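Given the structure is predicted, the values throughout are model-derived calculations rather than measurements.
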There are 2 protein chains.
Amino acid sequence: MPSNDHSDAGRSGKPPGRAPVRITDVAAAAGVSAITVSRALNTPDLLSKATLRRVLTAVKQLGYVPNLTAGALSSRRSRMVVAIVPTIASPMYAETLQSFTSTLSAAGYNVVLGLGGFDDRNEEQLVTTLLGRQPDGMLLVGAVHSAAARRRLAQAGIPIAEIWGDGSPDGDLQVGFSHVGAGEAVATHLMGRGYERFGIISSDDSRALERLEGFRAALGRRGHDIAFQRLVAPPSTIMEGRRSLDGLLRELPRGGAVFCSSDLLAAGLVIEARVRGLEVPRDLAVCGFGDLEIGRALEPALTTVSVDGAEMGQMAARCLIARLSGDPAPQHITVPVEIIQRATS
Amino acid sequence: MPSNDHSDAGRSGKPPGRAPVRITDVAAAAGVSAITVSRALNTPDLLSKATLRRVLTAVKQLGYVPNLTAGALSSRRSRMVVAIVPTIASPMYAETLQSFTSTLSAAGYNVVLGLGGFDDRNEEQLVTTLLGRQPDGMLLVGAVHSAAARRRLAQAGIPIAEIWGDGSPDGDLQVGFSHVGAGEAVATHLMGRGYERFGIISSDDSRALERLEGFRAALGRRGHDIAFQRLVAPPSTIMEGRRSLDGLLRELPRGGAVFCSSDLLAAGLVIEARVRGLEVPRDLAVCGFGDLEIGRALEPALTTVSVDGAEMGQMAARCLIARLSGDPAPQHITVPVEIIQRATS
DNA sequence: AGCGATCATGTTAACGATACCATTCTTGGC
DNA sequence: GCCAAGAATGGTATCGTTAACATGATCGCT
């Protein structure tokens with residue numbers, strides 16, 4: 001009977017003969033104790049120059065890669081942050097996630113990605129698994145709806161940053177803007193430009209719907225209403241914008257103005273309008289949302305609402321980092337929302 | 001410099017009075033041992049109905065969230081996969097990552113995101129940290145260039161899937177297509193349509209350049225050459241496409257055909273051409289790459305090379321999962337590349 | 001010169017889970 | 001009715017690292 005004493009046999013991992021270098025191997029090579037190696041990598045200031053050099057040499061020579069899983073278990077700091085995003089197929093969220101991840105990466109954190117989709121189906125499942133990773137912090141893009149999931153988050157005891165929020169804060173850290181306010185601003189802008197008939201094409205998700213309500217309310221205050229309204233299933237696409245024109249023209253005579261909940265929808269609308277020989281904005285004015293590249297590059301260039309997704313991601317990351325470092329961090333950050341008037345209104 | 005003793009209490013964790021429920025707590029509540037709880041969650045088949053029910057009740061009641069970090073350390077399986085992507089600001093990669101993540105998520109894996117950018121600067125740093133997370137597998141979108149980083153990867157002993165590759169495989173699992181072949185196919189297509197003057201606008205990254213070379217070679221074989229060539233810094237944008245027209249028109253008289261390394265560049269070119277009163281494709285034919293939504297929705301719709309980014313992501317995920325489950329998985333998968341002829345050529 | 005303060009390093013014991021092997025309790029075949 | 005084979009469960013060691021505390025060396029100051 002082969003008795004698996006101590007080393008290689010027993011809990012052997014992957015098939016190929018790997019050489020898992022552990023911290024003790026490095027320690028032995030450098031003639032120090034394990035904790036000294038740990039300190040060389042985490043708190044080098046605590047060591048003498050000579051020891052530090054010796055350890056780092058050994059690290060390099062052996063090709064030591066610290067096992068961060070073990071480190072996390074022991075120190076109770078995983079240096080990981082979970083980001084839950086509805087989708088990254090949408091450029092707005094992608095941009096936000098990109099800058100969020102980059103900023104955290106520079107500070108030594110890794111990001112674990114959770115894709116929520118737009119339904120609450122397996123939200124609890126997702127949140128639970130991800131919390132099991134023991135993240136030091138969390139980013140929620142958009143709200144978490146399932147009650148069970150929210151409870152879990154609240155009990156997790158980690159800082160949670162929420163961005164693109166829709167006004168029902170789960171986290172203790174908000175980076176965002178008022179969607180209602182944005183809708184109002186668009187209404188004000190369009191009324192100011194002299195338009196008198198209005199339509200809206202909106203994605204059927206909670207944040208877009210808030211903007212819709214803001215839009216409607218501001219119009220109403222001045223005696224206007226929404227003559228045409230169309231909800232489309234997320235994620236928004238250019239094609240869906242093109243397809244919206246038909247219905248729109250039936251309800252809205254020439255000279256109206258339409259607010260689209262995404263630049264993608266707006267771009268589609270403009271493209272289709274031109275194909276039909278309409279002149280934008282004379283026959284149809286359009287305002288998008290998001291200030292995506294396509295709007296800037298379109299002809300005519302799209303009037304839109306600019307919210308800096310990258311900025312929000314970076315802000316959220318910075319706040320989390322501050323919070324995790326014990327530094328004070330603001331609880332609420334409002335990112336400016338700006339109407340960029342270009343050629344379609 | 002005062003050593004920053006940030007935490008006041010001992011190893012008590014986060015400030016707010018949390019109740020970290022451990023597996024032993026659940027075990028006690030259910031009147032079983034810890035290992036039984038573990039089995040209830042991981043291999044429920046091994047338990048009797050009655051015990052299973054009892055344990056799951058306790059789990060729910062206590063709101064137990066398994067510490068996956070500890071589990072990973074003990075079992076040497078992290079159930080995490082690292083994805084290294086140049087950027088997710090580009091829709092192509094975003095799409096790939098989206099489907100990759102979704103597929104893995106459904107199989108119980110989490111994805112750790114690494115953003116590489118297009119430079120090799122801190123590539124080794126990034127790879128090292130991420131390997132330290134003990135991922136079970138890895139996805140490389142595009143190649144890893146730093147020699148040190150490649151060595152690390154090779155020694156990691158985990159399956160590595162590489163997609164969007166440029167022909168210098170790091171991993172042992174390839175999902176992709178021939179970029180050279182794609183360039184050739186475009187050349188063949190355009191020549192077949194009767195064009196005789198050619199231009200190219202390409203992103204300055206290795207994969208796009210391979211397509212360029214394929215394009216050039218195929219043209220050369222039939223006695224043609226590239227009359228206009230422009231390299232633009234990644235990531236590609238619509239605006240950059242628009243800006244390219246000026247130079248292009250100087251070198252390429254009306255009736256030429258241009259291959260763009262991205263649908264974004266191609267879309268910009270088409271938009272600008274129409275602004276200048278050119279007719280597409282009569283005055284200028286354009287072929288893009290990537291089959292993005294914008295190409296489909298553009299007017300005139302863009303001829304392009306379709307590579308299914310989502311499909312590739314899903315394939316890569318499936319292969320990794322198979323490999324990790326001990327099932328056989330193909331080493332090389334070639335995804336079909338198809339020229340979609342629409343209205344711009 | 002003595003002595004507390006500071007620096008540099010080491011020892012020990014977790015962190016929370018699972019692998020391995022052992023143990024008890026069933027079961028069925030002859 | 002007895003024994004081998006399997007089902008159900010538990011005990012113990014361990015995964016690789018870091019926190020907490022301990023120790024010895026160094027140093028400046030009265």
Side-chain angles (χ1 to χ4, degrees), chain A residues 1-14 20-28 30-55 59 64-79 131-134, chain B residues 1-14 20-28 30-55 59 64-79 131-134:
Chain A
M1 189 189 295
S3 70
N4 44 358
D5 296 343
H6 40 288
S7 65
D8 52 7
R11 283 171 158 243
S12 70
K14 316 298 188 306
V21 180
R22 284 153 311 178
I23 200 171
T24 51
D25 300 327
V26 177
V32 297
S33 71
I35 191 73
T36 301
V37 177
S38 172
R39 286 199 264 251
L41 297 172
N42 299 317
T43 51
D45 302 333
L46 295 182
L47 299 187
S48 71
K49 281 277 180 201
T51 308
L52 180 58
R53 195 168 39 244
R54 206 143 35 91
V55 172
V59 164
Y64 171 61
V65 178
N67 184 329
L68 299 180
T69 295
L73 180 60
S74 180
S75 69
R76 291 156 163 281
R77 299 192 55 210
S78 63
R79 293 201 152 268
L131 280 179
R133 297 286 173 197
Q134 313 296 123
Chain B
M1 188 188 300
S3 65
N4 45 349
D5 47 351
H6 44 280
S7 161
D8 44 6
R11 281 175 155 244
S12 61
K14 313 302 187 303
V21 179
R22 284 153 312 176
I23 200 170
T24 50
D25 300 327
V26 177
V32 296
S33 72
I35 190 73
T36 300
V37 177
S38 173
R39 286 200 264 253
L41 298 172
N42 299 316
T43 51
D45 302 334
L46 295 183
L47 298 186
S48 72
K49 283 276 180 200
T51 309
L52 181 58
R53 194 168 41 245
R54 205 142 38 90
V55 172
V59 164
Y64 171 60
V65 178
N67 183 329
L68 299 180
T69 295
L73 181 60
S74 179
S75 69
R76 291 156 164 281
R77 300 192 55 207
S78 64
R79 294 202 151 267
L131 280 179
R133 297 287 173 196
Q134 313 296 121

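For the pair A/Q134 CD and D/dG16 C1', the interatomic distance rounds to 17 Å; values are reported in whole Å. Summarising the geometry, the separation between CZ on B/R133 and P on D/dG16 is reported as 17 Å, rounded to the nearest angstrom. Atom-to-atom, CG of A/L46 to P of C/dT6 comes out at 15 Å; the value is rounded to the nearest Å. What separates CZ of B/R54 from P of D/dA8 is a distance of 14 Å, to the nearest Å. Straight-line distance from the NZ atom of B/K49 to the P atom of D/dA7: 16 Å, rounded to whole Å. For the pair B/I23 CD1 and C/dG16 P, the interatomic distance rounds to 12 Å; values are reported in whole Å. One atom, CG of A/L73, and another, C1' of D/dT18, lie 10 Å apart when rounded to the nearest Å. Look at CG on B/D45: it is 18 Å from P on D/dG6, rounded to the nearest Å.
Taking side-chain N and O atoms only, B/T51 has a distance below 4.0 Å to OP1 or OP2 of D/dT9. At least one side-chain nitrogen or oxygen of A/Y64 sits closer than 4.0 Å to the OP1 or OP2 atom of D/dT17. OP1 and OP2 of C/dC15 both lie 4.0 Å or more from every side-chain N or O belonging to B/T69. At the phosphate of D/dA8, neither OP1 nor OP2 sits under 4.0 Å from any side-chain N or O atom of B/S48. Residue A/N67 places no side-chain N or O under 4.0 Å from the OP1 or OP2 atom of D/dC15. Side-chain N/O atoms of B/S74 include none lying less than 4.0 angstrom from OP1 or OP2 on C/dG16.
Where A/A34 and B/R22 meet DNA chain C, the nucleotide closest to each residue was compared, and A/A34 sits on the side nearer the 5' end.
The shortest side-chain heavy-atom distance between B/R79 and B/L68 does not fall under the 4.5 Å cut-off. In this structure, B/R22 and B/N67 have side chains that are not in contact, with every pair of non-hydrogen atoms separated by 4.5 Å or more.
Checked against C/dG16, C/dA17, C/dC20, the side chain of B/R39 finds its nearest nucleotide in C/dC20. The B/I35 side chain lies nearest to D/dG11 when the options are D/dG11, C/dA8, D/dG16. For B/S33, whose side chain is taken as the heavy atoms from C-beta onward, the closest listed nucleotide among D/dT9, D/dT17, D/dG10 is D/dG10.
Within 3.5 Å, no donor on the side chain of A/R76 pairs with an acceptor on the base of C/dG16, nor the reverse. Between the side chain of B/S75 and the base of C/dT18, no donor-acceptor pair under 3.5 Å is found.
Note: B/R53 CZ to B/T51 OG1 = 9.5 Å, rounded to the nearest 0.5 Å.
Nearest heavy atom pair, residue A/L73 against residue B/T69, reads N-CG2, 3.8 Å.
With hydrogens and angles ignored, the 3.5 Å screen pairs no side-chain donor or acceptor of B/S74 with any backbone N or O of B/A70.
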